[in-house]
2 protein chains.
Amino acid sequence: MVPQPDEQAHRQAIARHGELTKPAGSLGRLEELGVWVAARQGVCPPRPFARPRVVVFAGDHGVADDGVSAYPKEVTAQMVANIRSGGAAVNALAANAGASVRVVDMAVDGTTAEAVSAHKVRRSSGALHTEDALTPEQARSAVLAGRTLADEEIDAGADLLVAGDMGIGNTTPAAVLTAALTSSEPVAVVGRGTGIDDAAWMRKTAAVRDGLRRARRVAHDPLALLRTAGGADLAAMAGFLARASARGTPVILDGMVVGAAALVAEELAPGAVRWWLAGHRSVEPAASIVLDQLDLRPVLDLDMRLGEGSGAVTALPVVNAAVRVLAEMSTFAQAGIQGP
Amino acid sequence: MVPQPDEQAHRQAIARHGELTKPAGSLGRLEELGVWVAARQGVCPPRPFARPRVVVFAGDHGVADDGVSAYPKEVTAQMVANIRSGGAAVNALAANAGASVRVVDMAVDGTTAEAVSAHKVRRSSGALHTEDALTPEQARSAVLAGRTLADEEIDAGADLLVAGDMGIGNTTPAAVLTAALTSSEPVAVVGRGTGIDDAAWMRKTAAVRDGLRRARRVAHDPLALLRTAGGADLAAMAGFLARASARGTPVILDGMVVGAAALVAEELAPGAVRWWLAGHRSVEPAASIVLDQLDLRPVLDLDMRLGEGSGAVTALPVVNAAVRVLAEMSTFAQAGIQGP
C-alpha cells in the first residue's frame with residue numbers, strides 16, 4: 001500500500017554527491033537530506049519544492065477541563081482565527097520557508113469560520129481519562145477527513161506536506177497514544193506542554209494513567225486506540241500522514257503531538273515512515289520516544305515545544321538547502337577541478 | 001573598542017516574546033536567536049537582513065606540500081574560480097539563504113582573476129612546520145586587508161557578515177592557532193580535514209606539533225602568532241572578524257578554520273565575540289574546542305566539515321526565521337487571545 005521511495009534516484013543522488021566540487025561526505029547530514037528528497041521525488045538532482053503546505057489540525061479535548069494545561073480551552077478557537085489571519089508562529093515560520101498554511105477545525109469546542117469547519121467531527125473530543133474520546137463512527141470520520149485533506153492538498157499540487165497541531169490539552173492524548181504504542185510509562189511521556197506547574201503536571205500524569213489503562217487494551221487496533229484515547233484532531237492527523245505516504249508525498253514531521261499521530265499512522269499504513277523526515281527534536285520527552293520508535297534523526301534540535309508544525313517548517317529551509325546543493329553545484333568535471 | 005549590543009532592544013525583544021501568541025519560551029532557541037539579532041541591530045522587532053554577505057578568504061599553505069591533505073594544492077585556485085562562477089557549495093547555500101558571495105585571494109599559489117586578487121599578500125603562505133608562515137610586514141598587511149574588506153562590505157550595506165575559508169591544507173594552521181590559544185595538544189585539534197587517511201593524519205599531527213612548538217612562544221601576541229603559524233588567509237579573516245565587531249555588525253561563524261581566526265580576532269579586539277553567532281558544530285574536533293573557548297552554542301549540528309562558510313549560511317535561514325517570529329507574529333492583545 002505504501003510505495004517505496006525511488007531506489008534509482010537514491011543511488012544517483014549518492015553518486016552525484018561524489019562528483020560535486022567538495023570532499024565526499026563533507027556536507028554531512030545535508031548530503032543525506034538531499035539524497036532523501038531525491039529518492040522521494042524520484043528524480044536526481046531533486047527539484048525545489050513547488051508547493052510545500054502546512055495543514056494545522058485544531059481540536060479541543062475534554063481533559064483540558066481538568067486543569068492539565070496552562071491555558072483555558074477558549075484559546076483553541078482564538079488561535080484558529082489567529083492562524084487564519086496569519087498571526088501565529090507557524091505563519092511566520094512557514095512564510096520564511098516558502099510554505100503556505102491551512103488550518104482545519106476537527107473538534108474545536110466553539111464555532112469557527114465555515115472555511116475551516118467543513119471536516120469538523122464534533123465539539124471537543126471526549127475526556128479521555130473518564131470516557132472515550134470519540135464514538136467509533138467519529139473516529140472513522142476523522143481519519144477519513146485526514147485522508148481527504150491529504151488528497152485535496154496533493155491534488156492541488158502540494159509536493160511536501162507538514163501536519164501541525166493546535167489544541168489546548170492536546171499533549172495529554174498524544175502522551176497516551178505514545179505510551180500505548182511504545183509501552184512507555186505515564187511519567188516518561190508527560191512533559192510540561194504549554195508550561196504547566198507541578199500540580200498541573202500531576203493532574204496530567206494521572207489523566208494519562210487513567211486513559212492509558214483503557215488504551216493499552218486496544219493498542220493493537222489503531223482506530224479503536226484513536227477512539228478510546230485520541231480525539232478527532234489526532235485521528236485526522238493520523239489519516240493525513242498515512243495518506244501522504246500512500247500517495248508517495250514526502251512529509252516533515254513536527255514534534256510531540258504530530259509524532260503521536262505518526263505512530264498511529266504507521267500502524268494504519270505500515271511503512272508510512274519511509275516518507276517522513278523528522279524536522280526537529282522537541283523538548284517534550286514523548287517526542288524523543290517517538291523518534292526512537294520510528295528510528296528518525298531530527299534535522300534541528302532547538303529546544304522548541306510549540307506545535308502548530310512550527311519545528312517542521314523551521315527545518316524546511318535546511319532541507320531546501322540540501323536540495324539546492326544537489327541541484328546547483330558544479331561537478332569536478334564541469335569546473336575543471338582535480339579530485340583527491 | 002568593540003561596542004556593546006543594544007541593551008534596550010535586548011530587553012524589549014525578551015518582553016515582546018512574552019506578548020506574542022505562543023506559550024512563553026515555547027520556541028526555545030529560536031526565541032534566543034531573535035533576541036540576539038534585535039540587540040545587535042539595536043531595534044525591536046528586528047528587521048530582516050537586507051544584505052547578508054559571505055566573504056571567502058582563499059589561500060595556500062606550504063605545509064600542503066608535505067601531504068597533509070587529500071587534495072593537491074592546485075585545487076585552491078580552481079575552487080576560487082568555481083566560487084566566482086557560482087558552482088561551489090557556498091554559492092548554492094548562500095543563494096538558499098538570500099546571501100551573496102565574494103571570494104578574495106589572499107595567498108593562492110597561482111594566478112587568480114584580478115577581481116579577486118587586489119588584497120593578495122603573497123603566493124602561498126610559508127610551510128608553518130619549518131618556517132614562519134608570513135613576514136611581519138605580510139602579517140600586518142593581511143590583517144589590514146581583512147579589516148578593509150569588512151569596511152568595504154559594511155559600507156556597501158552588508159548588515160550580516162559571514163567569513164568563509166578555501167585553501168588546501170588550511171586546517172593545519174587552524175589547528176596550530178587553536179592549540180596555541182586554548183592550550184590544547186596536537187592530537188586534540190587535528191581532524192580529518194578534506195578526508196585524509198591515517199598516514200596523512202600522522203603527517204598532519206607532526207606538522208601541527210612542529211608549528212605549535214614555535215607558536216606557543218608567541219601565543220600572547222596575535223600578530224606574531226599569525227605570522228608564525230597562521231597565514232595570509234587566516235590573518236585576513238581575523239582582521240575581518242575583529243573589524244565587523246568593532247563596527248557593530250553581526251557575524252555568523254562557520255567551522256574550524258574560521259573558528260581559529262575568531263580566536264585570534266578575540267585577542268585582537270577583546271569582546272569581539274559579542275557580535276558572533278555560531279552557525280554550526282563542525283565535526284572537526286578543533287571546532288568544538290573553539291565553541292567551548294568562546295562559550296558559543298551552535299545553531300546547527302549537521303556533521304558538516306566543508307568550510308567556505310557553508311555551515312554559517314546553512315544556519316542563516318534559521319536565524320531569519322527567528323527574526324520573522326519577532327517581527328511578524330501577533331501579540332495576545334492584537335489577536336484578542338486570553339493569556340495563561
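Keep in mind that what you see is a predicted model, and the values were worked out from it rather than measured.
Taking CE of Met304(B) as the reference point, atom CD of Glu31(A) lies at 9.0 Å (rounded to 0.5 Å). Atom CD in Gln338(A) sits 5.5 Å away from atom CD in Glu74(B) (nearest 0.5 Å). How far CZ of Arg192(A) is from OG of Ser26(B): 15.5 Å, rounded to the nearest 0.5 Å. Taking CE of Met329(A) as the start and CG of Asn82(B) as the end, the distance is 7.0 Å to the nearest 0.5 Å. Put simply, CE on Met79(B) and NZ on Lys22(A) are 10.5 Å apart, with the number rounded to the nearest 0.5 Å.
Under the 4.5 Å side-chain criterion, counting only non-hydrogen atoms from C-beta, Asp301(B) is not in contact with Asp301(A). Inter-residue side-chain proximity for Ser310(B) and Leu27(A) is flagged as met; some heavy-atom pair is nearer than 4.5 Å.
With a 4.5 Å cut-off on non-hydrogen atoms, Leu300(A) touches chain B through its side chain but not through its backbone. Interface residue Arg297(A): only side-chain heavy atoms are found under 4.5 Å from chain B. Leu93(A) touches chain B through its side chain: at least one heavy atom from C-beta onward sits under 4.5 Å away, while N, CA, C and O do not. Residue Thr314(B) touches chain A through both its backbone and its side chain, counting heavy-atom pairs closer than 4.5 Å.
Taking each heavy atom of Ala88(A) and Thr21(B) in turn, the nearest pair found is CA-OG1, 4.1 Å. Nearest heavy-atom pair, Ala95(A) versus Glu328(B), reported as atom, atom and distance to 0.1 Å: CB-OE1, 4.5 Å. When every heavy atom of Ala321(A) is checked against every heavy atom of Asn96(B), the shortest pair comes out as CB-ND2, 3.3 Å. Among all heavy-atom pairs drawn from Val299(B) and Leu302(A), the shortest one is O-CD2, 3.5 Å. Contact record, Arg305(A) with Ala24(B): NH2-O, 3.1 Å, taken as the closest heavy-atom pair.
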